[in-house]
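Structure first, commentary second.
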Number of protein chains: 2
Amino acid sequence: MATINDVATMAGVSTATVSRALNGVASVDPELCARVVSAAKELGYQPNGPARNLRRQETAVLGLIISDVANPFFTAIARGVEDVAQAVGYSVVLCNTDEDAAKERRYLDVAIQERVAGVIMSPTDSASNADVLREHGIPVVAVDRPLAGSDRVLVDTRMAAEQATKHLLDQGYRRIGCVAGPSGVQTADDRLAGYADALVAAGVEHEPRLVRHAEYRGAGAHGATLALRQQPDPPDALLIANSSLAIGALEACHELGLRPGKDIGLVAFDDVPWAKLLDPPLTVVAQPAYDIGAVATQLLLARIGDNSKPPSTTTLNATLIERASSRRG
Amino acid sequence: MATINDVATMAGVSTATVSRALNGVASVDPELCARVVSAAKELGYQPNGPARNLRRQETAVLGLIISDVANPFFTAIARGVEDVAQAVGYSVVLCNTDEDAAKERRYLDVAIQERVAGVIMSPTDSASNADVLREHGIPVVAVDRPLAGSDRVLVDTRMAAEQATKHLLDQGYRRIGCVAGPSGVQTADDRLAGYADALVAAGVEHEPRLVRHAEYRGAGAHGATLALRQQPDPPDALLIANSSLAIGALEACHELGLRPGKDIGLVAFDDVPWAKLLDPPLTVVAQPAYDIGAVATQLLLARIGDNSKPPSTTTLNATLIERASSRRG
DNA sequence: AGAACTCGAGTAATCGTTTACCTGGACGCT
DNA sequence: AGCGTCCAGGTAAACGATTACTCGAGTTCT
């Protein structure tokens, strides 16, 4: 593979001049510059990234660590991150933790070893794992879930859950249940809290037995929904904490012969492209995922420039998209 | 940030010994080794990746370049890639080209500069872009779409399309249309060819006006479906070339008041988790996406070890999952 | 006992860049 | 003319690991 030396020899200049010419230092003679460029082209020269990064003591790479690549919410974040990063010449390395703290830890180590310029992550659990980044001076921005001591870009998910629950109450549903995410995950807890807020505000009793937890990924929601309905006085409506859970819940409703909007009111988090294809179409809480990624990246880039400011919190709003699954009738 | 020198000083040994101890060279005195390990831990030492890669002239990173992160087919491939890579200590860098050859080109340059050990990609168009990798001696495996001169892991998509079309014919549909991907994309052309094969085999006339092309991503399928149905003698069934197209097509059918399985037979490529939630559930061609990723990674790893063998082609089979959207009733 | 050998651990070269520093020629000023 | 300034471009020192080579001590064999 051609090195800067080969280019220098071919162009008849020193390696310093090659480096300067290719990096656009103004003071190089245009004629030399042209010779360098043509030599580089002829040799198919591509600078050695590791060598450059070693010398510069910095990289133009951002780490993006998310908990589930199969979840459209996170891939939408990824596009937001990528578009903003790309525009200023940064590359993005996407890592998938599967909600597994050990995997997350491994990727954080990789991020440190590769000396990425910064990390955007949706932390799986506590803050502990991410501390290691700060110890090494790598800026972090948390998305979707808060992380102590770093910038965060969040959605006012508690408020959104409250609105969604209120919407169900307004539609005349009375025994509202919740298919919640795993307790301990901040977004899951917040959504549950918002759900409870709405019940309290409406003077409706909050019965714990109308709530079931399930893993965000996987098939737990199916069983949770069956269990909710198989008790006496079952819920007549459900708030479902994300789109994976919605799949399981909808399957269960179908098996039980429950028609959404008629026999049971449904609202789920995350506006997925197929929500409106269902019969009836699914009412959802649309989170601004792309914007979360874009804003987080802007914050991260700012912090890469200057890491002295205190951590900030940006909260974006979710919007309820009413469709027929929550309309009584 | 702590360097190997700091660790050496603290442990009272040379950097060579630190390197050997941390990399598990057998001949280091266990006691020294322990001192090194504890010093490294105390300092929070993480080896400098760029420096290591520079010296070793190799990296443990694979590039995965796909054309659409929002497409579950590709994210499933990504998981297959990651699981296999992870198991042997490689990291995976995921890049998203949005079917944009320029973006693809940029990422290939990044891959070369970072000296990744190998690349797995779904090429956007011609082979031209990927040649640059081979010029630099970087092994490539193509997935989903063929690439001249490199290993490929493909699906027998033509055969699958033929089976799907035959299935529609068997169900009694006669005027079968196709919502195809962009012509020029190999999978799109193959699926169209398979569709034609089935028609020929059944002695049904193949009418070009029953075929419309649309971009794989985006809303083109909606218009294509409307156009197909707004002609005299419209198709009574549709073969749809991927899940994004299916969304547009289903919307159009809904607007036209066409009931899948009743007024119009539908089969779409890619088994998405929501296919069975539709009413009626959607008949799909399930592609073994995870396996594609896993197999491709094994091939790539083998080639990183020995790049002398001639390119191989692995073809996996897709399976038709019959649901109600294609059952005449 | 002395030579040959083994082996663990240190010394220093090396990977390919970038860049601080140096050099020498051109130019301007007195 | 002589001196100072400026600046393009070359020389060489980093960056932080790995590893070929070297060295010295300990072991074995004659």
Side-chain angles (χ1 to χ4, degrees), chain A residues 1-37 39-40 43-61 89 109-110 112-117 136-138, chain B residues 1-37 39-40 43-61 89 109-110 112-117 136-138:
Chain A
M1 187 128 38
T3 72
I4 199 172
N5 252 303
D6 304 329
V7 179
T9 309
M10 178 172 238
V13 297
S14 74
T15 60
T17 304
V18 174
S19 174
R20 287 192 273 250
L22 296 178
N23 288 295
V25 171
S27 66
V28 258
D29 185 292
E31 195 254 316
L32 284 192
C33 191
R35 263 180 22 220
V36 168
V37 169
L43 292 168
Y45 170 70
Q46 290 278 21
N48 182 306
R52 158 180 286 176
N53 295 337
L54 173 59
R55 170 62 222 224
R56 285 207 175 144
Q57 297 285 80
E58 65 181 23
T59 61
V61 175
D109 283 347
V110 172
I112 295 168
Q113 288 178 12
E114 295 303 321
R115 304 298 195 257
V116 298
H136 287 84
I138 298 179
Chain B
M1 188 125 38
T3 73
I4 198 173
N5 253 301
D6 303 330
V7 178
T9 308
M10 177 171 238
V13 298
S14 73
T15 60
T17 303
V18 174
S19 174
R20 287 192 273 250
L22 295 179
N23 288 295
V25 172
S27 66
V28 262
D29 186 293
E31 196 253 318
L32 284 192
C33 192
R35 258 172 34 212
V36 168
V37 168
L43 291 168
Y45 170 71
Q46 289 280 18
N48 182 307
R52 158 181 287 178
N53 295 337
L54 172 59
R55 170 62 222 228
R56 285 206 175 145
Q57 296 288 78
E58 65 181 23
T59 61
V61 175
D109 283 347
V110 172
I112 295 168
Q113 289 178 12
E114 296 303 322
R115 305 298 196 256
V116 299
H136 287 85
I138 299 179

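Residue numbering restarts at 1 for every chain, and letters A, B, ... go by the order of the sequence lines. Note that this is a predicted model, so its numbers are computed, not measured.
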query: When you match A:Ser27 and A:Ala16 each to their closest nucleotide on DNA chain D, which lands nearer the 5' end?
result: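 Counting from the 5' end, the first nearest nucleotide belongs to A:Ser27.
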- prompt: How is B:Thr3 classified with respect to the nucleic acid when contacts are heavy atoms under 4.0 Å: base, sugar-phosphate, or nothing?
  reply: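 Since only primed, P, OP1 and OP2 atoms lie under 4.0 Å of B:Thr3, the category is sugar-phosphate.
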- prompt: How is B:Asn53 classified with respect to the nucleic acid when contacts are heavy atoms under 4.0 Å: base, sugar-phosphate, or nothing?
  reply: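 No contact.
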Nearest-Å distance, [atom1] ([X]) to [atom2] ([N])?
| X | N | atom1 | atom2 | value |
| --- | --- | --- | --- | --- |
| B:Arg56 | D:dG16 | CZ | P | 17 Å |
| B:Arg35 | C:dA9 | CZ | P | 10 Å |
| A:Glu114 | D:dA17 | CD | C1' | 13 Å |
| A:Ile4 | D:dT11 | CD1 | P | 14 Å |
| B:Asn23 | D:dA17 | CG | P | 11 Å |
| B:Gln113 | C:dC15 | CD | P | 20 Å |
| A:Glu31 | D:dG9 | CD | P | 9 Å |
| B:Leu22 | D:dT19 | CG | P | 13 Å |

Compare the minimum distances between each of [options] and the side chain of [X], then state the nucleotide with the smallest one.
| X | options | value |
| --- | --- | --- |
| B:Arg20 | D:dT18, C:dA9, D:dG10 | C:dA9 |
| A:Gln57 | D:dT18, D:dC15, D:dG9 | D:dC15 |
| A:Val13 | C:dT17, D:dA17, D:dG10 | D:dG10 |
| B:Leu32 | D:dA17, C:dT17, C:dA9 | C:dA9 |
| A:Thr15 | D:dT18, C:dC15, D:dA12 | D:dA12 |

Using only atom types and a distance under 3.5 Å, with no angle test, would you say the side chain of [X] pairs donor to acceptor with the backbone of [Y]?
| X | Y | value |
| --- | --- | --- |
| A:Arg115 | A:Ile112 | yes |
| A:Thr9 | A:Asn5 | yes |
| A:Asn23 | A:Val25 | no |
| B:Arg56 | B:Asn53 | no |

- prompt: Should B:Thr17 be listed as having a side-chain N or O under 4.0 Å from OP1 or OP2 of C:dG10?
  reply: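 So the side-chain polar atoms of B:Thr17 do come within 4.0 Å of the phosphate oxygens OP1 or OP2 of C:dG10, strictly under.
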- prompt: Would you say D:dG16 has OP1 or OP2 under 4.0 Å from some side-chain N or O of B:Asn5?
  reply: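 No, B:Asn5 has no side-chain N/O under 4.0 Å of OP1/OP2 on D:dG16.
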- request: Run through A:Val36, A:Thr17, A:Val18 and flag the one making a side chain to side chain contact (heavy atoms under 4.5 Å, CB included) with A:Val28.
  value: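 Between A:Val28 and the candidates, side chain to side chain contact (heavy atoms under 4.5 Å, CB included) is satisfied uniquely by A:Thr17.
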- request: Please name the pair of heavy atoms, one in B:Thr59 and one in B:Val116, separated by the smallest distance, quoted to 0.1 Å.
  value: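 Answer, listing the atom of B:Thr59 first, then B:Val116: OG1-CA, 3.4 Å.
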- request: Look at the side chain of A:Arg55 and the base of C:dT18, then say whether one donor and one acceptor between them are separated by less than 3.5 Å.
  value: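 Answer yes: a donor N or O sits under 3.5 Å from an acceptor.
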message: Ignoring hydrogens and geometry beyond distance, is the side chain of B:Arg115 in donor-acceptor contact with the base of C:dG16 at under 3.5 Å?
response: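 Absent.
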query: Pick the nucleotide of DNA chain C nearest each of A:Leu54 and B:Asp29; which residue has the one closer to the 5' end?
result: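 The answer here is B:Asp29.
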